Amino acid sequence: MNKLFIIALLSFINFKPLLYSQNQDRGIDRRPTLVGMSFDYGYILKHSENLRELDDAYPLGLGLEWSKILLTKNAWEFCNCLPRLGLSLAYWNWDNPDILGDGILAMGFVEPYFRTHKRTNLFFSAGLGGIYLSKAYDAEQNPQNLSYSTDLSFALMLGAGINYRLTNVWNIGLQAKYNHTSNGGIRAPNKGINFPSISFRINKSLEPIVFPDFQKIENRKPPDKLSRISVTHFSGWSNASVGDRDKFYVLGLSGQYSQWIGRRSAVSVGSELILDYSRREQISLDHQEDDFVQAAALIGHEFWLGKVSFSQQIGIYYYNDYRINDDIYQRYGLTYNFSKHILAGFSLKAHRHVADFFDLRIGYVF
């Protein structure tokens, strides 16, 4: 495996960029191709009591990337950013070969870039894919691996980072990511592998890139509506393990008011009602009569990027009859407005460093 990556690295460094014809609109309405490599270092979270007996593990990842960055006016108007769309293939060593083995991860990702007229760019990232895992749970040969029980699992990634343009061909970047693998409850045990990581990467464009400064070409206008009121339904699967089960349905309803405060930003306040059926199961096992329903107030910040919104919120429970976790949690969400009234997307709810659940959501904007 090490020889394979050395060969790939040498081939990547010596690759000759393709030459393209130049025109007056160079850098506008173009889709340059980039190839790259990434190096990740992470830490596996022991998010379940059943995983406490495992030693600390610091996984390493080596990856190859292929992507295109959309230098188009349509892309800019879509999100007030220049998005990069790509595919990655990575090898992961979980730092626990006897129990967790290793993995091969294939993922599609999207990264909206901001401040592209500057040499240093900010970006967010989200990825979805699949992963092959080499040492699944076996009752006789590998009973300690409660993280996964199937060779194939789903993989999710959320992150943010900084990209620096060395030249109009070479880029380097540093990214903080939160990664999650799970088989979606197909087979137990399925605690999943949750691991934040730091990623260093280097990318090379196959043609010189000149980033258009659409902000100077056309000044950004305020949104048509400076405030929004929305109601959203969400559904997902809890990551909690209760008794012999490790997947429970979660649903809820939220209402939110958002106010634009300038440029791309808005502040938001709201409330949500959460029905997590893992809590109902835990209450039953504990022979309690508490209510499993939760209600919380939300306050946060949103990036309004055209039809796309990226949100970060703090939730504070004001109704939490059965208390088994912190009273404060975080939410991170990404939504897309299909029309003036209909939105859809997904969100992650977490208590500090422990992911509670991912959910899919659909809502109505008044």
Side-chain angles (χ1 to χ4, degrees), residues 27-31 67-86 107-117 121-128 156-161 163 211-236 253-270 272 298-313 331-349 358-366:
I28 298 179
D29 289 335
R30 302 180 69 183
R31 298 167 176 81
S67 62
K68 282 185 173 291
I69 187 163
L70 307 184
L71 306 181
T72 69
K73 192 66 178 296
N74 286 339
W76 177 259
E77 292 174 348
F78 175 79
C79 64
N80 285 340
C81 64
L82 294 176
R84 176 178 173 231
L85 308 176
M107 176 173 285
F109 63 86
V110 58
E111 292 179 352
Y113 278 72
F114 305 91
R115 291 169 44 93
T116 50
H117 59 292
N121 319 130
L122 305 177
F123 66 90
F124 297 99
S125 59
L128 176 65
L156 296 170
M157 178 273 293
L158 293 173
N163 182 73
F211 282 88
D213 189 354
F214 288 122
Q215 188 169 352
K216 289 183 179 179
I217 294 173
E218 179 178 348
N219 292 329
R220 183 180 297 110
K221 298 178 181 179
D224 293 336
K225 301 293 184 181
L226 301 184
S227 61
R228 299 175 183 171
I229 298 176
S230 60
V231 176
T232 305
H233 165 76
F234 56 88
S235 298
L253 188 69
S254 69
Q256 181 170 295
Y257 173 81
S258 303
Q259 176 66 47
W260 183 69
I261 57 175
R263 293 182 66 82
R264 299 184 178 96
S265 292
V267 294
S268 65
V269 293
E272 66 179 1
L298 298 169
I299 184 171
H301 172 268
E302 294 178 313
F303 290 108
W304 285 5
L305 311 173
K307 295 182 178 181
V308 177
S309 296
F310 177 71
S311 62
Q312 318 90 51
Q313 296 174 305
R331 264 201 182 277
Y332 308 95
L334 186 68
T335 59
Y336 176 74
N337 286 76
F338 290 92
S339 69
K340 291 198 301 185
H341 297 293
I342 304 299
L343 63 84
F346 62 88
S347 175
L348 168 67
K349 177 174 178 280
F358 284 96
D359 64 61
L360 298 177
R361 45 188 53 218
I362 185 167
Y364 186 86
V365 179
F366 291 92

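Everything numeric in this text was worked out from a predicted model, so none of it was measured. Just so you know, residue 1 is the first one in the sequence shown, and it goes up from there.
Once rounded to the nearest 0.5 Å, the distance linking NZ of K225 with CH2 of W260 reads 14.5 Å. Within the model, atoms OG1 of T232 and CD1 of I362 stand 9.5 Å from one another, a figure rounded to the nearest 0.5 Å. Between L226 atom CG and I261 atom CD1 the span is 12.0 Å, to the nearest 0.5 Å. Atom CG of N121 is separated from atom CD1 of I69 by 7.5 Å, given to the nearest 0.5 angstrom. For the atom pair CG of L82 and OG1 of T72, the computed distance is 7.5 Å after rounding to the nearest 0.5 Å. Residue D359 holds its CG atom at 9.0 Å from NE2 of H233, rounded to the nearest 0.5 Å.
In this view, S347 and R331 satisfy the side-chain hydrogen bond (donor to acceptor under 3.5 Å, both in side chains) rule, not counting sequence neighbours. For Y113, the side-chain hydrogen bond (donor to acceptor under 3.5 Å, both in side chains) partners are E111, R201, not counting sequence neighbours. Qualifying side-chain contact (heavy atoms from CB on, under 4.5 Å) partners for L158, counting only residues two or more places apart in sequence or in other chains: A126, F346, L348, F358. Residues meeting the side-chain hydrogen bond (donor to acceptor under 3.5 Å, both in side chains) test with Y257, sequence neighbours left out: Q259. Scanning for side-chain contact (heavy atoms from CB on, under 4.5 Å) contacts around L298 gives E272, Q313, Y329, with sequence neighbours left out. Applying the side-chain hydrogen bond (donor to acceptor under 3.5 Å, both in side chains) rule to S125 yields the partners Q175; only residues at least two apart in sequence or on another chain are considered. Contacts of L85 classified as side-chain contact (heavy atoms from CB on, under 4.5 Å), with partners at least two apart in sequence or in another chain: L70, V110. When the ring pair (Phe, Tyr, Trp, His ring centres under 6.0 Å) test is applied to Y364, the partners found at least two apart in sequence or on another chain are H341, F366.
A tilted orientation is assigned to the rings of F124 and F310, their planes being inclined by 30° to 60°.
Annotation: side chain of V308 is not in contact with side chain of T335 (no heavy-atom distance under 4.5 Å).
Residue pairs meeting the side-chain hydrogen bond (donor to acceptor under 3.5 Å, both in side chains) criterion with at least one partner in residues 300-309, sequence neighbours excluded, are R228-S309, Q256-E302, S258-E302, S265-H301, H301-Q312, E302-W304.
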- Assess whether side-chain contact (heavy atoms from CB on, under 4.5 Å) is satisfied between F123 and C81, documenting all intermediate values. CA-CA 9 Å; F123 66 90; C81 64; over 6 Å; no
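Scanning both residues, K340 and V365, for their nearest heavy atoms gives O-CB, 3.7 Å.
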